[in-house]
Every structure is written in C-alpha cells, then in structure tokens.
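Report on the following structure.
A note on names: the letters A, B, ... follow the listed sequences, proteins ahead of strands, and every chain is numbered from 1. If you're wondering where the values come from, they're calculated on a predicted model, not measured in any experiment.
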Amino acid sequence: MLEEALQEISRGSSEIIDNERVEKLVKRFLETGETYTVKAGFDPTAPDLHLGHTVLLQKLAAFQKFGGRIQFLIGDFTAQIGDPTGKSETRKQLTPEKIKENSVSYTEQVFKILDREKTEVVFNSEWINPLGAVGMLELTTQYNVARMLERDDFEKRYKGGVPISVSEFIYPLLQGYDSVFLKSDIEIGGTDQKFNLLMGRHLQRAYEVGKEQAVLMMPILEGLDGVQKMSKSLNNYIGVNDEANDMFGKILSISDDLMWRYYELLSSKSLTEIAEIKAGVDNSSLHPKKVKESLALEIVERFHSKELADGAKIEFEKVHAKSQIPTDIAEFELEGPIWIAKALQECKISPSTSQSRRDIKQGAVKIDQIKVEDEQLQLETGEYILQVGKRKFAKAKVK
RNA sequence: GGUGAGAUAGUCAAGUGGCCAACGACGGCAGACUGUAAAUCUGCUCCCUAUGGGUUCGAAGGUUCGACUCCUUCUCUCAUCACCA
C-alpha cells in the first residue's frame, strides 16, 4: 500500500526535494490517519484553466487520496506584483472584484478534479496585507541580493543588462512567506517555480516554523505544438471548459511523441499500463491513432461525461474519417443574392473577402460538398452548407 | 540631465527618393500525402467583386511631380555618461 501510494505521488514529477519527509507523512497517514497539508499557489489573473494546470491539480488529487489536505492558494496579493518567472511584463492591476470573480470561476473548474471536502481555498492578501511595512521589512532581511541573483533568470537578466525591478525580488519572498503562514508540509509547483518553492523552505527555517516543507515539482506540459509550454497566450492549449468535440479533436491533433507525454502527465492509467501500450505501438500490434483516441476519450470523459466523450468520437469519425458534415454547425441568415466570398465572411469562416478569394482559388471552398470553381459565384435563395478547408463549416440561409 | 541608437505587417527583420503592399525568416491558412499525427513538398499570407482601387512602414506637419526613405516637432523604447537622495 505504501509503495503504491508513493509511486502514485511521485509519478511524472521532475524533482522532489526532501522525499524522505513526503514518505514519512504518507506513511504516518496510512498508519494513524493523521493528515498533512499540501500547498499549491495559483495566479488569479487568467481564470481559464487548461490541461497544463491540471497536471498540478491531478497531483494534488493524488495527495488527497493519501492524507493530504490541500491549501489551494489564490495569489491575489502577489498577482499585483507579477511573477518574474519567465517573461517580465508589468501586470495589469486587477480590481478586487475581478479577482473575486476570477477565483470563483477558478474554483468551479478546479473541483472537477479536486475533492472539495479536502480542500481549503485561501487568499494570500489575507495575511500579507496585515504584514505592514514593518513585517515586510523584516521579511526582506531574511534574504540577500547575492543569493537572489543566483536564481537563473535573474542572473541572466542581470548579466545581460535587462532590468530587474526590486518588486520582483519581493515576489519570491512573499510566496515563501505564504508557506510560513500556512505552515505547509509540502508545496507543489512547476519546475519553473523551483526558486520560489525553495524560498518557502528557507523562510520556514528563518521564521522558526518548526518544519521545512518538502517540495514536489511537476514538469511543464507542452502545448499542442509540442514545443512551447501550454498557455492561453500562445493559443496552443486545451481548456478544461472546451466543448467535448473540440477537446477530442485537439487531443487527436497532437503528435505521436507528445501523446506519450500527455499519457504520463494526464492519464490516470498506471505507468505499467502505459508502458504496455507503448510496447504495443512499438511492435505495431496497436495503432497509434487508436491509442490516441483512448487518451482523448479518457480526458474528455473527465471534464464532461462518458456520453459526450463517446459522442465526440463518433462525431470526429463522421467529420474526418468519412468526411461528412458535422451535426452542429452555426447558422447564418443572409440577404441574397450574395457573392460567395462575402457569404463566407458573413458566416465567420473567412476573415475577409480577399481571404475567401484566395481560398477559392486554392480549391479550399465547398458548397454542399462540391468544390467551388467560380470565384464570382452568387448564392441565390436557399440553404447551403459552406465549408472552408477541412474544419470550418457554416450553414447559410439565403433569403 | 548630457550623449548616442532605434521605432517597418501576428513576431523577428530587410529596405535609406520612384522598380514597395514593402526581400527574407518564423508563425498562420490552404492544397498534396496521411491517422485532421509528425515529417515532407506546393501555394497563399493588409482591405475592397480586383490585370483596377483604397489604406499602410511610431504620431503630426513640411519639402517634392513622387517619400518607408529627406527636413521639423512630438511620443515611446534602448544603450551610455553624469548627478542627486
């Protein structure tokens, strides 16, 4: 049992600091039922969760199975500073109302994965605001600039002459202070958060909390392109609120290599099971597409339902394998007669008539499954299924 | 505050009076091949019913038959020197 628990907890993680402590906590839970706290911080600036976030959430869910009580921290205060990790852009200030609004939609999505009973949602402004100037000053005495500059991205920026704002130094300190206040036993985060996570340990020692949190880091999930991290701004993400059909399609569109990555980090299949599947593909007894399908089914089912997942699969086959027309397509009413290029634009499947013309020239435009050859074509009264490329459809009712 | 450099399409980046709607790269879209995978190859990539017209190259003016290219002012970025708390 202990073995199993530890395996599930460490699965997919890129690094665990103080693994012994994790083992001890889990062991104690299994023997005595005593729980421990696992902290994870989230930024309320972007309220839409995608699968990249769920890598962490699933890890939290795994902890919940083995005695972890989750401290789901919404960094409403720290969001005002902006995490210096990665790019350094000044953040927009969020109003308290907006933050509240975001965190509501956040938690709604989160509880698709986490057990509400074993989760405590906390906001760090709650203890950072009362800190005041004195507390803040005291906090800054706990670390020095030289060590701060050891951090990779700071070092690079410093050497490269890229400015570093002093407030950015404050960020890791505050995140670490969260761990002091919450007396967290374990904190989990992405590998990119290593510095900040370790700060939690450092500060817990400095403030004599009586324990130092263990740290578990998860790799950053690659987006649909397979190269860059999944993020909304790169538009390579699969949102947990995506429609079942979209979600299914997006998962099937990832490359085979990336599929294994998703299996490891997102699937709830055991590692041995996954290894077996991979062996099957390697010796050609399993078709990679089938394997990808079952991954897609699993994930769609998690965020929607079995019915919708199956439906999405059928729909997908209908549209792509048999190149039929999807069941649900947007309808538009147009004034006829209307030029085809204009109609495509009106139906929002082409950004401009210029683009429409180019697409027609390339033979990418179909009406009722028949390729359009004449770019001057006028649509008379009637109903048409318009199509651009393989995936863009619209139904046009011309009056 | 001084000095110097720069601001060009989604991004990077050429162009330094007409040949520029603007080289190239990336991204994106489409076609072929497929498993709507990847890889590869090809075409397209400001808008407008178009062998034409319109609006673009940080902003506003000016010079010119004609400016992305020259001049003036402004805004912003970056580098660098100095100074002050």
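Exactly one of A/V372, A/I349, A/V365 qualifies for a side-chain contact (heavy atoms from CB on, under 4.5 Å) with A/D359. That residue is A/V365. Put simply, the residue from A/T32, A/V26, A/L30 that forms a side-chain contact (heavy atoms from CB on, under 4.5 Å) with A/R28 is A/T32.
Separating the P atom of B/C44 from that of B/U11 is a span of 23 Å, rounded to the nearest Å. When the C1' atom is compared between B/G31 and B/U63, the two are found 50 Å apart, to the nearest whole Å. Taking the P atoms as reference points, B/U42 lies 36 Å from B/U69, given to the whole Å. B/U3 and B/A67 have their C1' atoms separated by 29 Å, given to the nearest Å. Taking the P atoms as reference points, B/A13 lies 22 Å from B/G17, given to the whole Å. The separation of B/U77 from B/U8, taken at their P atoms, amounts to 14 Å, rounded to a whole angstrom. Across B/A38 and B/G28, the matching P atoms stand 10 Å from one another, rounded to whole Å. Comparing the C1' positions of B/A82 and B/U73 gives an interatomic distance of 27 Å, to the nearest angstrom.
Cluster membership for A/L198 and A/I220, using ILVMFWY side-chain heavy atoms within less than 4.5 angstrom, is not shared.
Note: CD1 (A/I360) to C1' (B/U49) measures 11 Å, nearest angstrom. Between the CG atom of A/D225 and the C1' atom of B/G28 there is a distance of 13 Å, given to the nearest Å. Between A/R261 atom CZ and B/A38 atom C1' the separation is 18 Å, expressed in whole Å. For the pair A/K390 NZ and B/G35 C1', the interatomic distance rounds to 11 Å; values are reported in whole Å. Counting to the nearest Å, the P atom of B/C48 and the NZ atom of A/K342 are 7 Å from each other. The interatomic distance linking A/L286 (CG) with B/A37 (P) rounds to 20 Å, in whole Å. Nucleotide B/A50 holds its C1' atom 8 Å from the CH2 atom of A/W339, rounded to whole Å. In this structure, the CZ atom of A/R391 is 13 Å from the C1' atom of B/G31, given to the nearest Å.
Pair assignment for B/C46 gives B/G54, based on Watson-Crick or G-U wobble hydrogen-bonding distances that are each under 3.5 Å. With a cut-off of 3.5 Å on both Watson-Crick or G-U wobble distances, the partner of B/C78 is given as B/G4. Using N1 to N3 plus N6-O4 or O6-N4 for Watson-Crick, or N1-O2 and O6-N3 for G-U wobble, each under 3.5 Å, B/U69 pairs with nothing. The partner of B/A37 is absent, by the rule that a Watson-Crick or G-U pair needs both atom distances under 3.5 Å. B/C19: no Watson-Crick or G-U partner with both key distances under 3.5 Å is found in any strand. Base pairing analysis places B/G10 opposite B/C26; the two distances defining the Watson-Crick or G-U wobble pair are each below 3.5 Å.
Taking only side-chain atoms of A/S354, from C-beta outward, the nucleotide of B/C47, B/A38, B/U36 with the closest atom is B/C47. Of all nucleotides listed (B/A50, B/G35, B/A30), B/G35 comes nearest to the side chain of A/P288. Distances were taken from every side-chain heavy atom of A/K289 (C-beta onward) to each of B/U36, B/C47, B/A37; the shortest belongs to B/U36. Considering only the side chain of A/K292, B/A37 comes nearest among B/U36, B/A37, B/G31. For A/S352, the side-chain atoms get nearest to B/C48 when compared with the rest of B/U34, B/C48, B/G35. Taking every side-chain heavy atom of A/D359 into account, B/C29 is the closest of B/C29, B/U49, B/C48. When distances are taken from the side chain of A/Q345 to each of B/C48, B/A30, B/U49, the shortest belongs to B/C48.
The side chain of A/S253 contributes no N or O atom lying less than 4.0 Å from OP1 or OP2 of B/U36.
A donor-acceptor contact shorter than 3.5 Å is absent between the side chain of A/E126 and the backbone of A/V122. Within the 3.5 Å criterion, the main-chain N or O of A/L266 finds a donor-acceptor partner in the side chain of A/Q58.
Between A/Y207 and A/Y177, the ring-plane angle classifies as perpendicular under the 30° and 60° cut-offs. Note on ring orientation: taking the six-membered ring where Trp is involved, the planes of A/F72 and A/F42 are parallel (angle under 30°, cut-offs 30° and 60°).
Nearer the 5' end of RNA chain B, as judged by each residue's closest nucleotide, is the contact made by A/A364, out of A/H287 and A/A364. The residue among A/K392 and A/F316 whose nearest nucleotide of RNA chain B is located toward the 5' end is A/K392.
Put simply, the side chain of A/Q378 and the base of B/U49 share a donor and an acceptor less than 3.5 Å apart. Taking 3.5 Å as the limit, the base of B/A30 and the side chain of A/R358 contain no donor-acceptor pair of atoms between them.
Salt bridge annotation for A/D185-A/R21: present, with a cationic side-chain nitrogen under 4.0 angstrom from a carboxylate oxygen.
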